[in-house]
There are 2 protein chains.
Amino acid sequence: MKPVDILIRNGSVLTMGPRDTLIKKGAVAVAGDRIVEVGTEDALAASYQAARTIEARGGIIMPGLVNTHTHAAMTCFRGLADDLPLMTWLHDYIFPAEAKLTFDNVYQGTLLACSEMILSGTTTFCDMYLFEEAAAQAVREAGMRAVVGEVIYDFPSPNYGPVEEGLKYTEALIKKWRDDPLITIAVEPHSTFVCSPELLQKARAIADRNGVLMVIHLSETEQEVAQIREEYGRTPVAHLADIGFLSPNLIADHCVVLTAEDMVLLKDFDVKIAHNPESNMKLASGVAPIPELLKHGITVGIGTDGCASNNNLDMFQEMDTAAKLHKVHTLDPTVMDARTVVRMATIDGARVLGMDAITGSLEAGKKADIIVIDIRRPHLIPLYNIYSHLVYAVTGSDVVTAIVNGRVLMEERVLATIDVDEVMAAVNRIAEGIVVKTSD
Amino acid sequence: MKPVDILIRNGSVLTMGPRDTLIKKGAVAVAGDRIVEVGTEDALAASYQAARTIEARGGIIMPGLVNTHTHAAMTCFRGLADDLPLMTWLHDYIFPAEAKLTFDNVYQGTLLACSEMILSGTTTFCDMYLFEEAAAQAVREAGMRAVVGEVIYDFPSPNYGPVEEGLKYTEALIKKWRDDPLITIAVEPHSTFVCSPELLQKARAIADRNGVLMVIHLSETEQEVAQIREEYGRTPVAHLADIGFLSPNLIADHCVVLTAEDMVLLKDFDVKIAHNPESNMKLASGVAPIPELLKHGITVGIGTDGCASNNNLDMFQEMDTAAKLHKVHTLDPTVMDARTVVRMATIDGARVLGMDAITGSLEAGKKADIIVIDIRRPHLIPLYNIYSHLVYAVTGSDVVTAIVNGRVLMEERVLATIDVDEVMAAVNRIAEGIVVKTSD
């Protein structure tokens with residue numbers, strides 16, 4: 001009997017490994033920050049002596065979800081302004097609210113986002129926002145895994161001031177967090193329409209020099225594409241190719257409006273894509289051609305985007321929407337089948353973040369990023385197909401246990417690392433300061 | 001101090017009454033099956049002595065949701081077959097499974113559906129299925145309010161046999177349940193494509209004779225419209241107008257594929273419509289022109305459809321999808337604003353079911369159909385706008401209390417009328433008998 005720290009038992013283990021193995025009466029053994037073995041409960045019970053046993057009660061044991069695009073601290077603006085034209089929303093509500101942001105706002109807002117994400121089964125996410133040192137500290141405290149990056153654009157930022165300082169701020173973040181086991185820093189210019197080619201090239205140079213990822217909003221709306229076409233004579237994707245910005249280390253968020261040539265470029269440069277169906281729907285941006293991108297063999301993950309355009313961070317609801325939206329958009333019920341969508345929210349999401357060697361599936365040697373779903377609930381009875389259940393029936397509130405890097409962040413829906421009452425009170429206080437419209 | 005049975009206090013009361021009144025520190029007093037008064041907490045606390053006080057802890061007190069279209073007992077088939085072409089789904093999975101249905105299957109499946117609906121804030125629903133005497137009994141036991149009707153079509157039914165027996169069965173249901181305070185029977189021919197004009201006319205005669213509603217699936221797919229055009233030379237809506245079937249007492253489910261003339265007919269006959277966005281998406285049927293129907297002044301409610309095509313009965317998720325789907329489909333973020341969508345899921349839903357005089361809003365004299373939502377949860381912090389919260393952030397699991405007809409069906413998420421473990425076990429046993437594919 002080998003000693004391990006945690007044995008999760010009595011569940012169906014959905015590995016999302018190379019063969020999509022599903023172990024009916026399965027178990028997962030964890031030692032330190034890693035998965036030691038995934039197998040049948042009988043085999044693991046006979047091999048390991050566990051310091052702590054987690055009982056899945058016949059539920060689903062699976063990799064924690066990967067949210068490939070969000071602005072975590074925008075929890076502070078959840079429902080501040082909805083059902084508005086994009087430019088009214090942005091200029092009359094979001095920008096004025098963001099102009100007043102502080103380090104502490106972002107810290108508390110990110111902690112609230114982490115609470116919500118852990119409670120709904122997300123263990124890894126990719127963040128883009130302001131005051132990202134605060135975000136990194138919040139994520140570290142929460143114990144989640146994240147790619148974190150300061151948003152950079154040509155105009156001054158409420159955090160760092162002029163753009164040159166933004167690049168320095170990013171490099172300082174990279175240095176500070178380089179050896180962190182959970183936080184990875186990325187270089188994150190906002191988009192082609194608020195970042196000059198020079199800025200984008202400098203951003204790429206920093207990313208290359210430090211061997212880190214880049215994140216950008218790309219081809220989110222028709223308006224953006226029209227503006228870039230007018231300014232540079234090409235689509236945003238072609239423009240980025242032209243200035244040498246496309247790369248396998250680039251995560252492109254949204255990609256709603258793409259030409260056939262754009263898709264070939266994205267494939268040729270092995271750009272990774274974060275698909276945000278609910279945000280694209282709510283802001284009326286359009287429907288990203290995800291089934292086509294998948295046919296091209298492009299790696300696509302799923303993201304919730306920020307809470308001002310969704311308005312929650314529940315990846316299970318996002319999976320449901322992703323599956324259904326493309327069926328009705330293509331009028332083909334067979335596209336975006338449940339297994340494909342679960343893959344996008346787990347192992348493919350990890351691939352988008354360059355983390356598929358360490359997370360996104362349950363395999364011996366990988367980091368222990370694991371969630372447990374309770375299926376003894378009326379809306380999850382009966383169970384014919386686990387993938388269908390995860391996409392079409394489960395919601396975030398069905399997740400009972402979450403483990404990141406071998407550490408239990410939630411058990412029986414109680415958060416272990418965050419004082420959730422304190423964080424909710426803090427964000428409520430922040431909201432009182434930024435109310436610009438009332439409820440009725 | 002007047003005595004009342006229940007006082008719900010310490011919440012924001014969203015009345016959904018004629019003026020959409022929102023009472024910030026509000027309360028609702030209930031005596032017997034009715035709402036006695038809706039007002040500020042201070043005023044009601046000074047006026048009433050309550051046998052039972054329900055504490056909303058700063059949450060939202062609102063009318064229970066109205067699910068205008070479902071097939072409750074299809075919970076038995078939740079996730080049985082997904083991501084398939086419509087005809088494969090129907091002929092290879094659903095029809096064979098339904099052919100084996102029994103009275104007890106429908107009873108248990110409906111009880112499971114009621115459990116799920118109560119737990120997610122639905123208090124009233126409209127059902128169409130087989131063995132509806134079993135459904136009515138289950139609903140009665142659960143304590144919910146429902147319109148219930150046996151599905152009728154030209155071919156023999158596993159329940160009643162030949163079609164003439166279906167009409168008799170329906171009339172027997174009407175007689176048996178006529179004085180029930182919660183169950184209303186409707187006449188429910190399946191659709192124009194499996195019901196002859198003669199059958200539809202007989203159905204209407206029964207409805208007229210008994211003063212009850214009719215329910216039909218209408219213009220759900222392009223295929224259906226093409227078939228009816230070929231057979232009768234007109235659209236399904238025009239066909240129904242032609243044979244004298246359209247009426248203010250008709251609930252038309254889906255209405256995805258409509259011409260401009262169809263919409264005028266629906267308006268002229270004051271037909272009520274049940275919109276099922278998630279089912280229409282998942283089955284790739286198309287997007288119903290709801291914003292246009294609303295512009296015509298047609299009454300539209302929201303429905304989940306059955307669990308084989310959704311796969312849950314959560315009306316909060318359905319509201320979220322309804323709001324977002326039409327924004328992206330019309331590329332206009334201002335359509336289907338949150339307030340409109342909440343209205344569709346409450347008072348307008350009640351209007352669809354001919355019940356707006358008794359449910360769908362919190363007003364003195366109406367039946368006490370009330371839910372309470374707990375907002376002290378990370379994904380519901382902060383709160384700027386209650387309508388936005390309900391549509392874009394709340395899910396069914398945030399509902400903590402549900403009252404129907406003055407009776408508490410759930411408190412603190414514990415069901416009062418249903419032994420949920422027993423029902424889940426029963427439906428799991430049913431599922432074992434109808435498995436036609438395995439999970440992996």
Side-chain angles (χ1 to χ4, degrees), chain A residues 22 75-76 78-80 82-86 112 115-116 119-120 278 280-287 310-314 317 320-321 324-325 327-328 330-334 337-338 376 378-379 381-386 388-389 392-393 395 397 420 423-424 427-428 430-431 435 437 439-440, chain B residues 22 75-76 78-80 82-86 112 115-116 119-120 278 280-287 310-314 317 320-321 324-325 327-328 330-334 337-338 376 378-379 381-386 388-389 392-393 395 397 420 423-424 427-428 430-431 435 437 439-440:
Chain A
L22 174 66
T75 49
C76 295
R78 187 197 312 275
L80 175 67
D82 296 315
D83 307 321
L84 295 169
L86 185 65
L112 183 67
S115 308
E116 183 182 348
L119 282 161
S120 56
E278 295 202 11
N280 299 157
M281 292 169 81
K282 183 155 176 280
L283 299 175
S285 306
V287 179
N310 185 322
N311 298 347
N312 63 43
L313 303 173
D314 186 337
Q317 289 183 59
D320 185 20
T321 302
K324 287 172 178 159
L325 175 62
K327 292 184 200 314
V328 79
T330 59
L331 295 179
D332 178 356
T334 68
D337 63 279
R376 303 165 314 154
H379 68 283
I381 300 291
L383 194 168
Y384 295 102
N385 180 298
I386 282 188
S388 279
H389 246 42
Y392 301 120
T395 68
S397 62
V420 73
V423 173
M424 292 196 293
V427 174
N428 276 332
I430 292 167
V435 169
K437 71 191 244 210
S439 189
D440 210 0
Chain B
L22 174 66
T75 49
C76 294
R78 188 197 310 277
L80 174 68
D82 296 314
D83 307 322
L84 296 169
L86 185 66
L112 182 69
S115 308
E116 183 182 349
L119 283 162
S120 56
E278 294 200 13
N280 299 156
M281 293 169 81
K282 183 155 174 281
L283 299 176
S285 307
V287 179
N310 184 322
N311 297 352
N312 63 43
L313 303 173
D314 186 337
Q317 289 183 60
D320 185 20
T321 302
K324 287 172 177 159
L325 175 61
K327 293 183 199 316
V328 78
T330 60
L331 296 179
D332 178 356
T334 69
D337 62 278
R376 304 165 313 153
H379 68 282
I381 300 291
L383 193 169
Y384 294 103
N385 181 299
I386 281 187
S388 280
H389 246 42
Y392 301 120
T395 68
S397 62
V420 73
V423 173
M424 292 195 294
V427 175
N428 276 332
I430 293 167
V435 169
K437 69 191 249 209
S439 189
D440 211 356

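A note on names: the letters A, B, ... follow the listed sequences, proteins ahead of strands, and every chain is numbered from 1. As the structure is a prediction and not an experimental result, all values here were calculated from the model.
No side-chain donor-acceptor contact under 3.5 Å links A/Asn280 to the backbone of B/Val328.
Tested against B/Tyr392 for a side-chain hydrogen bond (donor to acceptor under 3.5 Å, both in side chains), the candidates A/Asn310, A/Asn311, A/Asp83 yield a single pass: A/Asp83.
Going from atom CG of B/Asp314 over to atom NE2 of A/His379 covers 8.0 Å, rounded to the nearest 0.5 Å. For the atom pair A/Ser388 OG and B/Leu80 CG, the distance stands at 9.5 Å (nearest 0.5 Å). Rounded to the nearest 0.5 Å, atoms CD (B/Gln317) and CG (A/Asp320) are 6.0 Å apart. Here the straight-line distance linking atom CG of A/Leu283 with atom NZ of B/Lys324 works out to 9.5 Å at 0.5 Å rounding. Expressed to the nearest 0.5 Å, how far NZ of B/Lys327 lies from CG of A/Asp82 amounts to 8.0 Å.
Among all heavy-atom pairs drawn from B/Tyr384 and A/Gly79, the shortest one is CB-O, 3.5 Å. The two residues A/Ala284 and B/Asp332 come nearest to each other via the heavy atoms CB-N, 3.6 Å. Taking all atoms of both residues into account, the shortest heavy-atom contact from A/Pro85 to B/Pro333 is CA-CG, 3.6 Å.
Only the backbone of A/Ser285 comes within less than 4.5 Å of a heavy atom of chain B; no side-chain atom from C-beta onward does.
Between chain A and the residues B/Ala393, B/Ser120, B/Pro382, the largest count of heavy-atom pairs under 4.5 Å involves B/Pro382. Contacts with chain B were tallied for A/Val287, A/Val423, A/Thr75, A/Ile381; A/Ile381 has the most, counting heavy-atom pairs under 4.5 Å. For the options B/Arg376, B/Glu278, B/His389, heavy-atom pairs under 4.5 Å to chain A are most numerous at B/Glu278.
With sequence neighbours excluded, the residues satisfying side-chain hydrogen bond (donor to acceptor under 3.5 Å, both in side chains) with B/Thr395 are B/Ser397.
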